[in-house]
Number of protein chains: 2
Amino acid sequence: MTHTSLILERFVRKMESRCSLSPNDREAVLALPVMQRTYQPNTYIIREGELLQRHCAFIISGFAIRQKLTNVGARQIVSMHLPGDLLDLQHLYLNYADHNVQALTLMEAAEIGRPALRRLVLRNPRVATAMWIDALVDSSISREWLLNVGQRDARGRIAHLLCEFAARMTAAGMASDSGYELPMTQEQIGDAVGLTAVHVNRTIKALKAENLITRDKRHLHFHDIEGIRAIAGFSSLYLHLDQITTDPEDRPGDERGA
Amino acid sequence: MTHTSLILERFVRKMESRCSLSPNDREAVLALPVMQRTYQPNTYIIREGELLQRHCAFIISGFAIRQKLTNVGARQIVSMHLPGDLLDLQHLYLNYADHNVQALTLMEAAEIGRPALRRLVLRNPRVATAMWIDALVDSSISREWLLNVGQRDARGRIAHLLCEFAARMTAAGMASDSGYELPMTQEQIGDAVGLTAVHVNRTIKALKAENLITRDKRHLHFHDIEGIRAIAGFSSLYLHLDQITTDPEDRPGDERGA
DNA sequence: CGCCTATTTGAATCATTTCAAGCTAAGTGG
DNA sequence: CCACTTAGCTTGAAATGATTCAAATAGGCG
């Protein structure tokens, strides 16, 4: 329903949060051909092993995940995406998909053809830089998840997931100071942090019992966010929330701290 | 000791394995100012949180790892790099380092300034594409590690690490068909797969007892690589070993299977 | 109301960690 | 050349965190 130009405005704002654009760049982005599409919960958007000829999706509303399966069918969610995220930059220059992309909730996306997106990157270096940064931040999050799953115990892992969400939802303007809507079942949380649903349940129960959080349906409420942060050992550095590049050339002397 | 032009030749070959270059591109790469440098084992090359103004390193010889630490000091190795790998593409457009980079063994690197590298990317789209692909493959490996650590048991995790190495070392021409030099201690293997050194020891012992591998000092020998692959559930798809882009514009019709 | 999905709980089992100690091989300095 | 040191590997026994299996409960929806 949303008008195409509104969607692309939003896309421009996203890019501009990463690298300052010229009027030319903005125009080029706004001229992108997009196709709006709705995905039902759990629909596969891309499947591992598939030849990639399709499009990249920009999330308008709803949530998506990326995941991988082992040969015995165990699922690891490797990332989670909110409205305003560009899905699939991770596949932009690859021939075959190396992971699955799935709608988590009902989701609306604006799909941009790969050739159009690549051409945009080729002709507009500042847009390219913005997209590159976006892909790098995405990778940074994967590394933090690897640290989370590899080195923290159940409490730490879950607390960390909750903190990351809080930070990202806040940045997207989708959280109140008290909490946010966490659109995941306990089983999905388990698949994201490498635990069974049963153990996620017990761990969350413990966090509730200690009066750190409450969960009412899908709404997550923090009673003691500092306590949760301490359990998680959370620092938002890896999200690069304030990362913005003004000069793709990185001329010495232009270097600025955030 | 190695002559600069030889190093850059190697760099060109690396890029060309990802995207076909024009004579112009080749020249531009070969004109890159490089500084050769030696790192002692365990030296930090980049520290998390540090302002990035320095350079990217191309590994000439030796091995490097990238790692992160939790607030309580647990270490997760998030990737491992061999000669011919470009370190730190993951930081090319970021202001602050989000992970540590460390020499694993004695290591020689050719360091290329960030401004020079960014300028190269800006002026040479095919080189940019090659580097983008390199960064994407790196991210793909992180995701597979996340799956490994999150969903496989100790045997599977270690077997998978060994398989990945076998594939990468073979691609780099550093493995014989019987095995390769694995330059990691059991503790480092543990940090890479999220296990304690003690348990790594016991698990490797079990693999030896089943006549799947032997380890003589740092040399790893496969007796039954198919058996190891089965335990790991290994498929090399995620390494994108045959990924090569011929057309950065991705014009429809040029799309080709590997 | 009945169905389905998600959550909750208990009890038994299992994989992995922890702590502690001993061992081996290689390197260093006297 | 030997004694000393150190880093890495090996092993055992006990403790613990997480899984598994199974069953009960709760909530949303047609």
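Lettering of chains follows the sequences in order, A, B, ..., and the numbering in each one begins at 1. Since we're looking at a predicted model, the values are computed, not measured.
Between the CD1 atom of Ile158(B) and the C1' atom of dC9(D) there is a distance of 14 Å, given to the nearest Å. Between the CZ atom of Arg215(B) and the P atom of dT10(D) there is a distance of 9 Å, rounded to whole Å. Straight-line distance from the CG atom of Asp191(A) to the P atom of dA6(C): 12 Å, rounded to whole Å. Lys205(A) places its NZ atom 6 Å from the P atom of dG10(C), with the value rounded to the nearest Å. Atom-to-atom, CD1 of Ile189(B) to P of dA7(D) comes out at 19 Å; the value is rounded to the nearest Å. Atom CG of Leu220(A) and atom P of dT7(C) are 13 Å apart (whole Å). Glu187(A) places its CD atom 14 Å from the P atom of dT8(C), with the value rounded to the nearest Å.
In this structure, Gly194(B) reaches the sugar-phosphate backbone alone: every heavy-atom distance under 4.0 Å involves primed, P, OP1 or OP2 atoms, never a base. Looking at heavy-atom distances under 4.0 Å, Arg155(A) makes no contact with the nucleic acid at all.
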Grab the N/O contacts between the protein and nucleotides 13-17 of chain D below 3.5 Å, and write none if there aren't any.
unit_1, atom_1, unit_2, atom_2, d
dA13(D), N6, Arg202(B), NH2, 3.0

- Task: Might you work through the side-chain contact (heavy atoms from CB on, under 4.5 Å) test for Leu146(A) and Val149(B), ending with a clear yes or no?
- Result: CA-CA 7 Å; Leu146(A) 184 51; Val149(B) 171; 3.9 Å; yes

- Message: I'd like to know whether Lys68(B) forms a side-chain contact (heavy atoms from CB on, under 4.5 Å) with Tyr238(A), so could you lay out the CA-CA distance, the side-chain angles of the two residues, the decisive distance to 0.1 Å, and finally the verdict.
- Response: CA-CA 11 Å; Lys68(B) 300 193 76 159; Tyr238(A) 74 98; 3.7 Å; yes

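The closest side-chain heavy-atom distance from Tyr44(A) to Gln67(A) is below 4.5 Å. Counting heavy atoms from C-beta on, the side chains of His99(B) and Gln90(B) come closer than 4.5 Å. Counting heavy atoms from C-beta outward, Ile65(B) and Arg75(B) have side chains that approach closer than 4.5 Å. Contact annotation: the side chain of Gln102(B) never approaches that of Tyr39(B) to less than 4.5 Å [non-hydrogen atoms, C-beta and beyond].
Closest to the Gln186(A) side chain, of the nucleotides dT8(C), dT19(D), dG8(D), is dT8(C). The Leu195(B) side chain lies nearest to dT16(C) when the options are dT7(C), dT16(C), dC9(D).
Contact annotation: Arg218(B) side-chain N/O to dC9(D) OP1/OP2 distance is under 4.0 Å. Within the 4.0 Å cut-off from OP1 or OP2 of dT7(C), not a single side-chain nitrogen or oxygen of Asn201(A) is found. Distances shorter than 4.0 Å separate none of the side-chain N or O atoms of Lys208(B) from OP1 or OP2 on dC9(D).
The two residues Thr203(A) and Ala154(A) make their nearest non-hydrogen contact at OG1-CB, 3.8 Å.
Where Thr203(A) and Ile204(B) each meet DNA chain D at their nearest nucleotide, the meeting point lying more 5' is that of Ile204(B).
When atom types are taken as modelled, the side chain of Arg114(B) and the backbone of His91(B) share a donor-acceptor pair closer than 3.5 angstrom. Gln76(A) places a side-chain N or O within 3.5 Å of a backbone atom of Asp191(A) that can act as its donor or acceptor partner.
Annotation for Glu181(A): atom CD counts as buried by contact number, over 12 foreign heavy atoms lying within 6.0 Å.
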- Along nucleotides 23-30 of chain D, 5' to 3', which nucleotides get a B, which get an S, and which get a -, given that the test is a protein heavy-atom distance under 4.0 Å? -----S--

